[in-house]
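Comments concern the structure below.
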Amino acid sequence: MRYAAYVVLFLAIATGQVRAESLTFQQVFQRAVAVDASLQIARMELERARLETTRVESQLGWNAAGQAGIAHDLSVFGVPVDRADARAGVDRQLESGSSIGLGLGVVREESKNSVVPFLPNPSQTVSVDANYRLPLAQGSDNVGYRQNIVTAEAGVDVAQAQWGAARNQLALQVADAFYAAAFTYARLRSAIDAIDRAERLKRFVLKNVRLGIAEDKDRLQAEAQLRARVAERKVLDATWDSQRIVLNRLMERLPQSEWQPAVAVAPGPDALDIAAIQAEAEAIDPDLQRDSARIRIAEATIARRRDSGRDKVDLVLSIGNRQQTGDIAGASTSNSENVAGARVEFRAALDKRGSDAELNQAFIDRDIARRRLDTNRTNLRYNVARLGAEIESIAASLEEARARETAERQKLDEATQRHRVGRATTAELIQFENDYEAAQLSLEQQTIELARRRTELERLRGTLWRDIDFAPHGAPGAER
């Protein structure tokens, strides 16, 4: 009766599992994508990186400045003077590296003592200026700005690659958990069927024992088989619950949400074009994209370091107008004069060890990025080749596994018929039962492993993402 109760319980659980929601890997992954925090963070990092280009481009915008003040001081003639001044101007750097500026200034001076009678007192001077700065060495062609643009654009590629890496990591995590759970669930179904067969065998043996046509050893063998299957089922129940909860966490479902994994292997090509697949994988691999972007960043840094190590030689040209008005001996006077000027500014660092060290660091960063690119490309090619070989090997052996499972099923059915008429022993029937279960699980395992490797190859090729919606549920920063 105790074993009958087990059977009733297991059949009830099995019936509940059959009615549970069936989810494929794509469906589980889609639900995980919708709630994964790492993808959301990577997306926000990408949006942040895109703003860097705008920030750098704003360096060519106009800047405004102004100042005003009052003072009581001594004039050049040594007499007290009250002064009020105000100045405003705008300037901007051009894409070529030159810069222009426009300025307007007003100065008013008044002294109680007029030492020089031919100078106006009070006086007001209005100045209008335009200047043009042309870098002749450091800063020519605006290397800093141009390479900052390159760095900002490469930074977007790095952030995009980081998002792709987060997507890959999530796909690997979900695939490992899903296909492991799928095999556990297959073993669980097999255990339920085995318990049912073991219970029917035990009932048949007990009936024959009562009729005197079976020995006590047959009863013990049947009972041991049932106990082994019940114990195995308990372990598989715990394992399946644990794996299902892990996947429910990835999908942010309730921990005890019931569902069952669905694995279907569609017919694939007879032979894989490994060279074409490698080319596809290299074109979209986030690690290669990140390394390529870091090489561009390192080269931009090298260009900036070289430019900053040069001497600074600027030619500054200016034109303007000065207008002075005031009173001389009670009479108003006004003078206006156009002005112009040119000067050369020079600055050189006498100790260039710091700039040389920074330049060498940039060269090393570029070499590191190149080495990583070569290594990751080689690893990717070998990974694709390995997966291709495994897929072809498992696919070729799958037909043999199906044939074995069919043969073991027929062998078990034949042994069951012989056992019913006393031509086969209970031990022989149990052995055939175990052989059939092993063949069945081997077929399930190879089917799941083939699906796992095809999923991994689709991830590398980028075809895995075709039916996945990666659109964010809310735009970053929408709460601000």
Side-chain angles (χ1 to χ4, degrees), residues 10 13-36 167-196 229 232-268 387 390-402 404-405 408 436-460 463-465 467-468:
F10 293 153
I13 295 175
T15 302
Q17 288 173 339
V18 170
R19 293 177 180 174
E21 181 183 12
S22 181
L23 297 178
T24 64
F25 168 78
Q26 288 277 3
Q27 291 172 319
V28 173
F29 184 54
Q30 177 64 79
R31 298 186 184 195
V33 163
V35 297
D36 184 68
R167 178 181 63 180
N168 277 353
Q169 183 60 37
L170 179 62
L172 286 172
Q173 185 180 6
V174 173
D176 287 344
F178 177 85
Y179 288 111
F183 184 56
T184 299
Y185 187 76
R187 293 177 62 195
L188 194 56
R189 293 200 316 268
S190 178
I192 293 173
D193 294 339
I195 288 173
D196 180 58
R229 291 295 177 257
E232 180 183 12
R233 170 61 195 274
K234 289 182 178 180
V235 173
L236 290 173
D237 265 334
T239 304
W240 164 241
D241 286 342
S242 175
Q243 292 173 333
R244 189 183 70 249
I245 290 173
V246 169
L247 286 162
N248 283 338
R249 170 63 185 91
L250 291 174
M251 295 184 286
E252 289 197 0
R253 295 171 54 139
L254 293 176
Q256 300 302 329
S257 294
E258 291 286 346
W259 58 277
Q260 61 186 31
V263 178
V265 178
L387 284 172
E390 291 177 352
I391 288 173
E392 292 179 355
S393 175
I394 296 174
S397 64
L398 201 55
E399 288 302 321
E400 292 298 325
R402 291 193 183 99
R404 179 195 169 193
E405 191 263 351
E408 293 291 350
Y436 169 68
E437 184 179 3
Q440 190 179 44
L441 288 179
S442 177
L443 176 59
E444 292 278 5
Q445 184 176 25
Q446 290 189 57
T447 301
I448 291 171
E449 288 301 321
L450 180 59
R452 182 205 293 267
R453 282 162 176 78
R454 282 183 175 174
T455 297
E456 174 65 5
L457 192 62
E458 288 174 1
R459 181 187 68 80
L460 294 178
T463 56
L464 182 64
W465 324 122
D467 299 325
I468 301 298

Would you check if V28 and L250 make a side-chain contact, meaning some heavy-atom pair closer than 4.5 Å? no
Backbone N/O of A451 and side chain of T455: donor-acceptor pair under 3.5 Å: yes
Where is the tightest heavy-atom contact between V246 and A177, given as atom of each residue plus distance? CG1-CB, 4.4 Å
Quick one, E252 and D36 - any side-chain contact, counting heavy atoms below 4.5 Å? no
So L23 and Q260, do their side chains get closer than 4.5 Å, heavy atoms only? no
Can you see which heavy atom on A194 is nearest to which on E437, and at what distance? CB-OE1, 4.2 Å
Regarding E449 and R453, does a basic nitrogen lie under 4.0 Å from an acidic carboxylate oxygen? yes
Interatomic spacing from CZ in R229 to CG in D196 - rounded to 0.5 Å: 12.5 Å
Using every non-hydrogen atom in the two residues, find where F178 and A262 come nearest and quote the distance to one decimal. CZ-O, 3.8 Å
Distance, nearest 0.5 Å, that separates CZ of R454 from CZ of F25: 15.0 Å
Interatomic spacing from CG in L457 to CD1 in I391 - rounded to 0.5 Å: 4.5 Å
As an exercise, state the distance from CH2 of W259 to CZ of R31, rounded to the nearest 0.5 Å. 9.5 Å
From Y179 OH over to T184 OG1, what is the distance, rounded to the nearest 0.5 angstrom? 14.5 Å
Donor-acceptor pairs under 3.5 angstrom involving side-chain atoms of residues 438-446: please list them, not counting sequence neighbours.
unit_1	atom_1	unit_2	atom_2	d
Q440	OE1	S190	OG	3.4
Q440	NE2	Y436	OH	3.3
S442	OG	Q446	NE2	3.4
E444	OE2	R189	NH2	3.0
Q446	OE1	S397	OG	2.7

With the threshold set at 4.0 Å, does a side-chain nitrogen-carboxylate oxygen contact exist between R402 and E399? yes
Between D241 and R244, is there a side-chain N and carboxylate O pair less than 4.0 Å apart? yes
Under a 4.5 Å cut-off applied to non-hydrogen side-chain atoms, are R459 and L172 in contact? yes
So do the side chains of E390 and L450 get within less than 4.5 Å of each other, counting heavy atoms only? no
Dump the intermediate steps for side chain to side chain contact (heavy atoms under 4.5 Å, CB included) on L188 and D237, then the final yes or no. CA-CA 7 Å; L188 194 56; D237 265 334; 3.7 Å; yes
Separation between CZ (F29) and CD (Q173), nearest 0.5 Å, reads 10.5 Å
Atom of V263, atom of T447 and distance for their closest heavy-atom approach: CG1-O, 4.5 Å
What are the two closest heavy atoms between N248 and P255, and how far apart are they? ND2-O, 2.9 Å
Heavy-atom distance under 4.5 Å between the side chains of T239 and R187, does that happen here? no
Would one find more than 12 heavy atoms of other residues, nucleotides or ligands at under 6.0 Å from atom CD of E458? yes
So which atom in L236 and which in A191 form the shortest heavy-atom distance, rounded to 0.1 Å? CD1-CB, 4.0 Å
